[in-house]
> 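Got a structure here, written out as structure tokens. Questions coming.
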Amino acid sequence: GHYGRGSIHFQFLARNEMSHSFNAEVDAESRYGQILSVSGPVVIAEKMSGACMHELVRVGHYLLVGEIIRLSKDTATIQVYEETSGLTVGDPVERTGKPLAVELGPGIMGSIFDGIQRPLETIRELTQDIFIPRGVSVPSLDRSREWEFRPADVRVGSLVSGGDIIGLVHENSMLEHRIMVPPNGGGRVTFVAPPGHYTLKDCVLETELDSKKTQYTMMQVW
């Protein structure tokens, strides 16, 4: 429940810092490469200039989840985390400009996920099938469920930085989440949500730094 503490903090922090090397906006022209070869779960794609190591990609017409594990000139070697049967040379490979990441927040301890944090129960309800369809894409954490948020000792005008606790959320009898400012966040507080029920899409904190305002929810992506 203590996001950003101990050794896990440093492992995730390294990955979080790395994410800033990815392009926030991948221009449309360079957004797609194409498959050059397929060997089991490993796909080699060409026309991938500008791609980054560990970048999340969507492979083929089924938009299979993959991660770039090697780059050489304009080719990328991709580890695909789903069944690759049916992929053929020339199929598209879509760059996302983002690293493979996980969502951290209330609801994570009450769900069952596969290895790339797809929520199995949600997928079963959506597909009415015990098997995971290829290319299925659903949010890891439920965006519609409300959680009771209790602000910590943070007030408008306070200065906060990465790792500061801004509130508490009780998920179950064994776990109380500490909602924290992300590692690269911080500034002077301009808004704190009052005690109440909120979804993971709702803003619970707003800060201002160098005349730029930033809003935070109860969820972080690492």
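Not measured: the values here are computed from a predicted model.
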> Of the non-hydrogen atoms in Arg124 and Glu121, which two are nearest, and what is the gap between them?
NH2-OE2, 2.8 Å
> Do Pro151 and Pro194 have side chains that get closer than 4.5 Å, going by heavy atoms?
no
> Taking all non-hydrogen atoms of both residues, which atom of Gly60 and which atom of Asp91 are closest, and how far apart?
CA-CB, 4.2 Å
> Starting at CD of Gln215, measure out to OG1 of Thr207 and round the result to the nearest 0.5 Å.
9.5 Å
> Less than 4.5 Å apart, side chain to side chain, heavy atoms only: is that true for Cys52 and Ile68?
no
> Any side-chain heavy atom of Thr214 sitting closer than 4.5 Å to one from Leu209?
no
> Quick one: name the residues clustered hydrophobically with Leu126, using the 4.5 Å side-chain heavy-atom rule over I, L, V, M, F, W, Y, and just say none if it's on its own.
Ile112, Leu120, Ile123, Ile132, Val136, Val138
> With the side chain counted from C-beta on, respond yes when His170 and Glu148 share a heavy-atom pair under 4.5 Å apart, and no when they do not.
no
> Between Arg95 and Tyr32 (side chain of the first, backbone of the second, donor and acceptor by atom type, cut-off under 3.5 Å), is there such a pair?
no
> Identify the two heavy atoms, one from His177 and one from Pro106, that lie closest to each other, and give their separation to 0.1 Å.
NE2-CA, 3.7 Å
> In terms of hydrophobic clustering (I, L, V, M, F, W, Y; side-chain heavy atoms under 4.5 Å; direct or indirect links), are Ile69 and Val102 co-clustered?
no
> Any chain of hydrophobic side-chain contacts (each under 4.5 Å) joining Trp147 to Met109?
yes
> Considering only heavy atoms from C-beta outward, does the side chain of Pro183 approach that of Trp222 to under 4.5 Å?
yes
> Hey, does the side chain of Glu176 reach the backbone of Leu168 with a donor-acceptor pair shorter than 3.5 angstrom?
no
> State, with a plain yes or no, whether a side-chain heavy atom of Arg155 is found less than 4.5 Å away from one of Asp153.
yes
> Of the non-hydrogen atoms in Gly186 and Tyr216, which two are nearest, and what is the gap between them?
N-OH, 3.3 Å
> Roughly how far, to the nearest 0.5 Å, is the OG atom of Ser140 from the CE atom of Met219?
8.5 Å
> Val57 and Glu67: which non-hydrogen atoms are nearest, and at how many Å?
CG2-N, 4.2 Å
> I would like to know whether Phe113 and Thr122 meet side chain to side chain contact (heavy atoms under 4.5 Å, CB included); could you show each step before the answer?
CA-CA 10 Å; Phe113 305 98; Thr122 302; over 6 Å; no
> Rounded to the nearest 0.5 Å, what separation is found between the CZ atom of Phe191 and the NZ atom of Lys213?
11.5 Å
> Would you give the length of the straight line joining atom CD of Glu94 to atom CZ of Arg58, rounded to the nearest 0.5 angstrom?
8.0 Å
> If you look at every heavy atom in Arg143 and Lys201, which pair is closest and at what distance?
O-CE, 3.8 Å
> Do the side chains of Leu36 and Leu64 join up, straight or via other hydrophobic residues, at under 4.5 Å, putting them in one cluster?
no
> Linking Ile, Leu, Val, Met, Phe, Trp and Tyr through side-chain heavy atoms less than 4.5 Å apart, which residues share a cluster with Ile130?
Phe131
> Let me confirm one number: the CG-CZ distance from Leu200 to Arg145, rounded to the nearest 0.5 Å.
10.0 Å
> Check for a donor-acceptor pair, side chain of Glu82 on one end and backbone N or O of Val65 on the other, with a separation under 3.5 Å.
yes
> Just one of Leu104, Asp164, Leu205, Ile165 clears the side chain to side chain contact (heavy atoms under 4.5 Å, CB included) bar with Met180, so which one?
Ile165
> Kindly determine whether Leu87 and Tyr62 satisfy side chain to side chain contact (heavy atoms under 4.5 Å, CB included), including the steps that lead there.
CA-CA 9 Å; Leu87 291 180; Tyr62 283 101; 5.8 Å; no
> Is the shortest heavy-atom distance from the side chain of Leu100 to the side chain of His54 under 4.5 Å?
no
> Same cluster or not: are Val59 and Met53 linked, directly or through other Ile, Leu, Val, Met, Phe, Trp or Tyr residues, by side-chain heavy atoms under 4.5 angstrom apart?
yes
> What distance do Lys212 atom NZ and Glu208 atom CD have between them, rounded to the nearest 0.5 Å?
12.0 Å
> Do Val181 and Ile166 come within less than 4.5 Å of each other through their side chains, counting heavy atoms only?
yes
> Counting distance only, does the side-chain N/O of Ser158 pair as donor-acceptor with the main-chain N or O of Val189 below 3.5 Å?
no
> Report the C-alpha separation of Gln117 and Ile108 in whole Å, then their side-chain angles, then the decisive distance to 0.1 Å, and conclude whether the side chain to side chain contact (heavy atoms under 4.5 Å, CB included) test is met.
CA-CA 10 Å; Gln117 209 195 15; Ile108 193 171; 3.9 Å; yes
> Is Ile179 linked to Val154 within one hydrophobic cluster, defined over Ile, Leu, Val, Met, Phe, Trp and Tyr using a side-chain heavy-atom separation of less than 4.5 Å?
yes
> Side-chain polar contacts of residues 37-50 - donor-acceptor pairs under 3.5 angstrom, sequence neighbours left out - could you list them?
{"from": "Glu46", "atom 1": "OE2", "to": "Gln34", "atom 2": "NE2", "distance (Å)": "3.1"}

